Amino acid sequence: SGLLSNMSEQLSEEELRRLLKSCAIVHYNNLKMDEVLLPYIGNMDKFIEFIEGKWGWKIDYDRVGKTLIANENKNYCVCPVLNQKTEVKRSSICYCSEGFAERMFSTVAAIPVTATVLSSIHRGDDRCKYKITFV
């Protein structure tokens, strides 16, 4: 939590975003996401069915506009870092979630994507939502 606080105070927003996005690989690998995602590579519809059914997410997929809105559909933060350190209230950690979403959706789509947090529990919103743009 001290490291996150110091980084937030010392780095520009873009530096912080770039650094924290790259940290997502730790959680991604810990969850063995490559194995989890393997059955869905190349089949976004099947993956959407999985995350809506198993994770409770709500997905709005605009194939024509090549964007997807992913709503975690929970009224609490699922971040394993912040949930273990409840005194830490840094919305900058949401950049790590952007990195996780990018890696996850890029893997399934088999093309690069960009992810942007649209709303976040730690930013005062009622749900965490991400915009995924297929490049």
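For clarity, every value in this text was computed on a predicted model and none was experimentally measured.
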Compare every heavy atom of Met44 with every heavy atom of Ala109, then report the nearest pair and how far apart it is.
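Answer, listing the atom of Ala109 first, then Met44: CB-CE, 3.8 Å.
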Identify the two heavy atoms, one from Gly99 and one from Ala24, that lie closest to each other, and give their separation to 0.1 Å.
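Minimum heavy-atom separation between Gly99 and Ala24: C-CB, 3.6 Å.
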From the options Leu31, Asn29, Asn30, select the one residue that forms a side chain to side chain contact (heavy atoms under 4.5 Å, CB included) with Met33.
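Among the candidates, only Leu31 passes.
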With side chain to side chain contact (heavy atoms under 4.5 Å, CB included) as the test, pick out the partner of Cys94 among Ser120, Cys79, Ser119.
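Testing Cys94 for a side chain to side chain contact (heavy atoms under 4.5 Å, CB included) against Ser120, Cys79, Ser119 leaves exactly one candidate, Ser120.
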Evaluate side chain to side chain contact (heavy atoms under 4.5 Å, CB included) for Trp57 paired with Lys74, printing each intermediate quantity in order.
CA-CA 8 Å; Trp57 287 29; Lys74 293 168 184 61; 3.8 Å; yes
How many angstroms lie between atom [atom1] of [X] and atom [atom2] of [Y], to the nearest 0.5 angstrom?
X      : Y      : atom1 : atom2 : answer
Asn75  : Asp125 : CG    : CG    : 13.0 Å
Lys129 : Asp60  : NZ    : CG    : 10.0 Å
Leu37  : Ser106 : CG    : OG    : 10.5 Å
Leu68  : Ile48  : CG    : CD1   : 5.0 Å
Ile121 : Cys128 : CD1   : SG    : 5.0 Å
Ser12  : Arg18  : OG    : CZ    : 7.0 Å

Test item: [X] and [Y] side chains (from C-beta on) under 4.5 Å apart, heavy atoms:
X      : Y      : value
Lys131 : Val117 : no
Leu11  : Leu19  : yes
Asn73  : Arg127 : yes
Ile69  : Leu118 : yes
Thr67  : Ile132 : no
Tyr95  : Glu13  : yes
Val36  : Phe50  : yes

In terms of side-chain heavy atoms, does Tyr130 have a donor or acceptor partner in Glu102 at a distance below 3.5 Å?
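Note: Tyr130 and Glu102 side chains miss the donor-acceptor criterion.
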For the residue pair Tyr28 and Thr107, confirm or rule out a side-chain donor-acceptor distance under 3.5 Å.
yes
Measure from the ring center of Phe134 to the ring center of Tyr61 and say whether it is less than 6.0 Å.
yes
Phe105-Phe47 aromatic ring centre distance below 6.0 Å
yes
Tell me whether [X] shares a hydrophobic cluster with [Y], the cluster being built from Ile, Leu, Val, Met, Phe, Trp, Tyr side chains joined at under 4.5 Å.
X      : Y      : answer
Leu38  : Met104 : no
Phe100 : Leu20  : no
Leu16  : Val26  : no

Test side chain to side chain contact (heavy atoms under 4.5 Å, CB included) applied to Thr133 and Lys66, step by step:
CA-CA 6 Å; Thr133 304; Lys66 297 182 181 181; 5.8 Å; no
Starting from the C-alpha separation in whole Å, work towards a yes-or-no answer on side chain to side chain donor-acceptor pair (under 3.5 Å) for Glu49 and Tyr40.
CA-CA 10 Å; Glu49 184 179 310; Tyr40 308 106; over 6 Å; no
Begin from the C-alpha positions of Cys77 and His122 and carry the test side chain to side chain contact (heavy atoms under 4.5 Å, CB included) through to its verdict.
CA-CA 8 Å; Cys77 176; His122 289 287; 3.3 Å; yes
Salt bridge present between Arg17 and Glu98 (N-O < 4.0 angstrom)
yes
For Lys58, look at atom NZ and say whether over 12 heavy atoms of other residues, nucleotides or ligands are found less than 6.0 Å away.
no
Any donor-acceptor pair under 3.5 Å linking the side chain of Glu52 with the backbone of Ile59?
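Indeed, once roles are kept as given, a pair shorter than 3.5 Å links the two residues.
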